Amino acid sequence: MNSNNLAKIGVPVGIVLVVVMMVVPLPPVFLDLLIAVNITGAVVILLTSMYVKRALDFSIFPSLLLVATMFRLALNVSATRLVLSHGYAGKVIEAFGHFVVGGSLIVGLVIFLILIVIQYMVITNGSGRVAEVAARFTLDAMPGKQMAIDADLAAGAISDAEAKTRRRDVAAEADFYGAMDGASKFVKGDAVAAIVITFINLIGGFLVGVVQKHMAMGEAINTFSLLSVGDGLVSQLPALLISISTGLIVTRAASSDDMGTDLIAQFSRQGRALRIAGASMACLALVPGMPKVPFFLVGGLVFFIGRRVQSDPDEVRDAQEAQLALEAAAVPEIAPDSPEGIVRDMKVEPLELELAYDVVELVDNSRGGDLLDRVKALRRKLALELGVIIPLVRTRDNLDLPASTYTISIHGVEVARGSSPAATVLVIGDDLLNLPGDVTKEPVFGLPAKWVPMEYRNQAEAEGHTVVDRSSVITTHLAEVVRQHASRLLSHQDIKMLMDMVKQHDTVVIDELTGANLSLGEIQRVLANLLEENIPIRDLGRIFEVLSERGRQTKDPETLTESVRAGLGPAISTVFANGQRIPVITFEPLLEHDLLESLRTGAEGSFLSIDPTTAEHIALEVASMAHNAEQQGDNPVLVCTAALRPAVRKLVHAAAPRLAVLSYTELGPRLEIDTIGQVRLASPTPV
């Protein structure tokens, strides 16, 4: 029979025999053996509690505590039966009654009561309270731990097997501390039972000796009382060890080493504390009347140990910082053309701003440059506007750029370029012939402008033109680039950060989203789709609510995006409205019906299955109407049915990239809808 089968049979049988012990008389020799087993088992449990590295490594402890308590009580019953029946309960109890307590009833009772006080009032009460608090906090922390595991799994940081193991550990930890909260009551009850049993033995032994055995009162007290106290001490010694084990288990913090190793390692880092303690004990020996040898001996030993161990953490940290400073001073600066320098320069930044040599002055605070401060303020402004944290903007010089030039790159790819001549300001207006300078266009909206020397700034302002300094031009251009490419700047790490932010004030939403089994990549794709169409994602609570509901039914990004847009509703149209008015371009009803008939679904989402000539005609007409409206100061949107919206957006995006495409359901009920144009297949005419 292997050890596994032996454990399956032997342990249950042993527990049944513990109950049988309470009713079946045991011979004194066998009782001595079981008492030795009880004491040995308590020592083993105590040492195991000290050597485990975490509480879950001894997860059987709550059940073992119940079995040990029952075994100890069964021994009490068996010993009581022998004491009262024969006036003898084996060598072990007799030894405790005579040798340990010196044959004195008073001494035995005092020691017994002291053990009870230590176990019941100090260790057991403290262990029970710690177990109760640990159980409460462990249960409260379970949802957060489970969500963190799901997030790591979705991000690919852990495998499915590791996720299952971590979930199992979280559940086991909660079960363990919950069981310990109840199991600590066993130890309390055991202490109370020990007091009651001992006093019953005292009274019962006195009556048996005097009434049944016709012994003298003094002889009866001397015989049965010493045996009763010895029995109480024999049972309370392992009970005290078990109680200490309970305290060690519930107070054991997570660590990579056992208790003894942690104890030595942590005290060995407190050299200053040991030296001060040793010196204090030595000084205490100088107090008149104090014995000098013990305090000098102990104080000198502690002081000597303090000199040999490491210094305290502050001293170690200061020494390490000094060493690092020396090493840093000794290590030469990395040369730009060295392998290390090349590797450093190879790193691709999410967002990068490169400046020509004569534009670098804008980032030099000593020369009045404030570009970096404006970029910092811009990151905060865009975060509040778009609802996403913009990555840090790496700003550096590039000697290969032409004079007065700056470039903006996203993930190493240049997406925008502009100019910023030194000692000039950008003047925006239609009639700039009276001002000297280089003709250009405003980089964001393409408005006619000129780079005018600084000395003509007041004249330009007096003529009513808009005057913009160089830093503002670059900052405005950077802001527009970030708005256009915000979806590319949104990383999985950003999604995790946004989810943690929402969790702080709306835990239920994140728990529901986790239950929908959407990966970080799928959530990122939906949020990127919204940002691509200039829809802010500030209202993450509602967005995650919709995703948690629809994510259980589909994982298609387009479907999820449209569901989120429907959930946001009128909040989208207010982004593009001018006050309470929103200018719209619509499709002629018959054309919209034909487009619905041609709607198809493919691997990349929905699209319109129409001939290229018709598609080009629709796109150009929409772009023409949008351009005419912009010339008149309007910012129009194209409106169609919800089913058509994604496909129409793909159709017109190339011809009118800044034109927003909304569905009728996204128009707010309080908005004044101004239809400025209607697209027809024939000759579209403005309404």
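Not measured: the values here are computed from a predicted model.
Remark: the backbone N or O of P646 is not paired with any side-chain donor or acceptor of K650 at under 3.5 angstrom. Remark: side-chain polar atoms of R581 are not paired, donor with acceptor, to backbone N or O of I673 under 3.5 angstrom. Side-chain atoms of T475 do not come within 3.5 Å of backbone N or O of V473 as any donor-acceptor pair.
With rounding to the nearest 0.5 angstrom, the CG atom of L384 is 5.0 Å from the CZ atom of R380. Note that CG of L426 is 13.5 Å distant from NZ of K441, once rounded to the nearest 0.5 Å. The structure places CD1 of I543 at 5.5 Å from CG of L530, a figure rounded to the nearest 0.5 Å. Note that CZ of R457 is 14.0 Å distant from NE2 of H465, once rounded to the nearest 0.5 Å. Distance check, rounded to the nearest 0.5 Å: CD of E545 to CD of E512 gives 9.5 Å. R649 contributes atom CZ, which lies 15.0 Å from atom CG of L644 (distance to the nearest 0.5 angstrom).
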| field | Stepwise side-chain contact (heavy atoms from CB on, under 4.5 Å) check, V526 with L547 | value | CA-CA 9 Å; V526 172; L547 288 178; 4.0 Å; yes

| task | Show the numbers, then the answer: is there a side-chain contact (heavy atoms from CB on, under 4.5 Å) between V648 and I618? | result | CA-CA 10 Å; V648 170; I618 293 174; over 6 Å; no

| query | Could you walk me through whether V415 and S409 pass the side-chain contact (heavy atoms from CB on, under 4.5 Å) check? | reply | CA-CA 5 Å; V415 295; S409 301; 6.0 Å; no

| message | Determine whether D397 and V359 satisfy the following criterion, side-chain contact (heavy atoms from CB on, under 4.5 Å), listing intermediate values before the conclusion. | response | CA-CA 8 Å; D397 62 318; V359 187; over 6 Å; no

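Taking a cutoff of 4.0 Å between a charged side-chain nitrogen and a carboxylate oxygen, R488 and E532 do not qualify as a salt bridge. Salt bridge present: D539 and R542 bring a charged side-chain N and a carboxylate O closer than 4.0 Å. Salt-bridge annotation for R374 and D469: present, with a side-chain N of the basic residue lying under 4.0 Å from a carboxylate O of the acidic one. Comment: R658 does not engage E480 in a salt bridge, judged by the lack of any side-chain N to carboxylate O separation of less than 4.0 angstrom. E533 has a carboxylate O that lies under 4.0 Å from a charged side-chain N of R565, or vice versa, which qualifies the two as a salt bridge. Salt-bridge check for R483 with E385: passed, with a basic side-chain N closer than 4.0 Å to an acidic carboxylate O. Salt bridge R417/E414: present, at least one basic N to carboxylate O contact under 4.0 Å.
The two atoms that bring A403 and Y357 nearest to each other are CB-OH, 3.7 Å, heavy atoms only. Across every non-hydrogen atom of A615 and L651, the tightest pair is CB-CD1, 3.6 Å. Among all heavy-atom pairs drawn from I389 and A383, the shortest one is CD1-CB, 4.4 Å.
Within the 4.5 Å cutoff, the side chain of R470 has heavy atoms near those of the L362 side chain. In this structure the side chain of K503 never reaches within 4.5 angstrom of the side chain of M501, judged on heavy atoms. Using a 4.5 Å heavy-atom cutoff, the side chains of P536 and V575 are in contact. Inter-residue side-chain proximity for E592 and T641 is flagged as met; some heavy-atom pair is nearer than 4.5 Å. Under the 4.5 Å side-chain criterion, counting only non-hydrogen atoms from C-beta, L490 is in contact with L531. Using a 4.5 Å heavy-atom cutoff, the side chains of L478 and V375 are in contact. At least one side-chain heavy atom of L513 sits less than 4.5 Å from a side-chain heavy atom of M499. Looking only at side-chain heavy atoms (C-beta outward), T407 and N398 stay at 4.5 Å or farther from each other.
For D506, the salt bridge (Lys or Arg N to Asp or Glu O under 4.0 Å) criterion is met by no residue, not counting sequence neighbours. Taking P589 as the reference, Q678 meet the side chain to side chain contact (heavy atoms under 4.5 Å, CB included) condition, with sequence neighbours excluded.
The number of heavy atoms from other shown groups lying within 6.0 Å of CG (D611) is above 12. Residue H593 places its NE2 atom among 12 or fewer non-hydrogen atoms of other residues, nucleotides or ligands, all under 6.0 Å distant.
Defined by atom type and a distance below 3.5 Å, a donor-acceptor pair is missing between the side-chain atoms of D511 and T514.
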What pairs of donor and acceptor atoms, side-chain ones from residues 599-606 against any protein atom, are under 3.5 angstrom apart with sequence neighbours left out?
unit_1	atom_1	unit_2	atom_2	d
R600	NH1	E597	O	2.9
S606	OG	E558	OE2	2.8

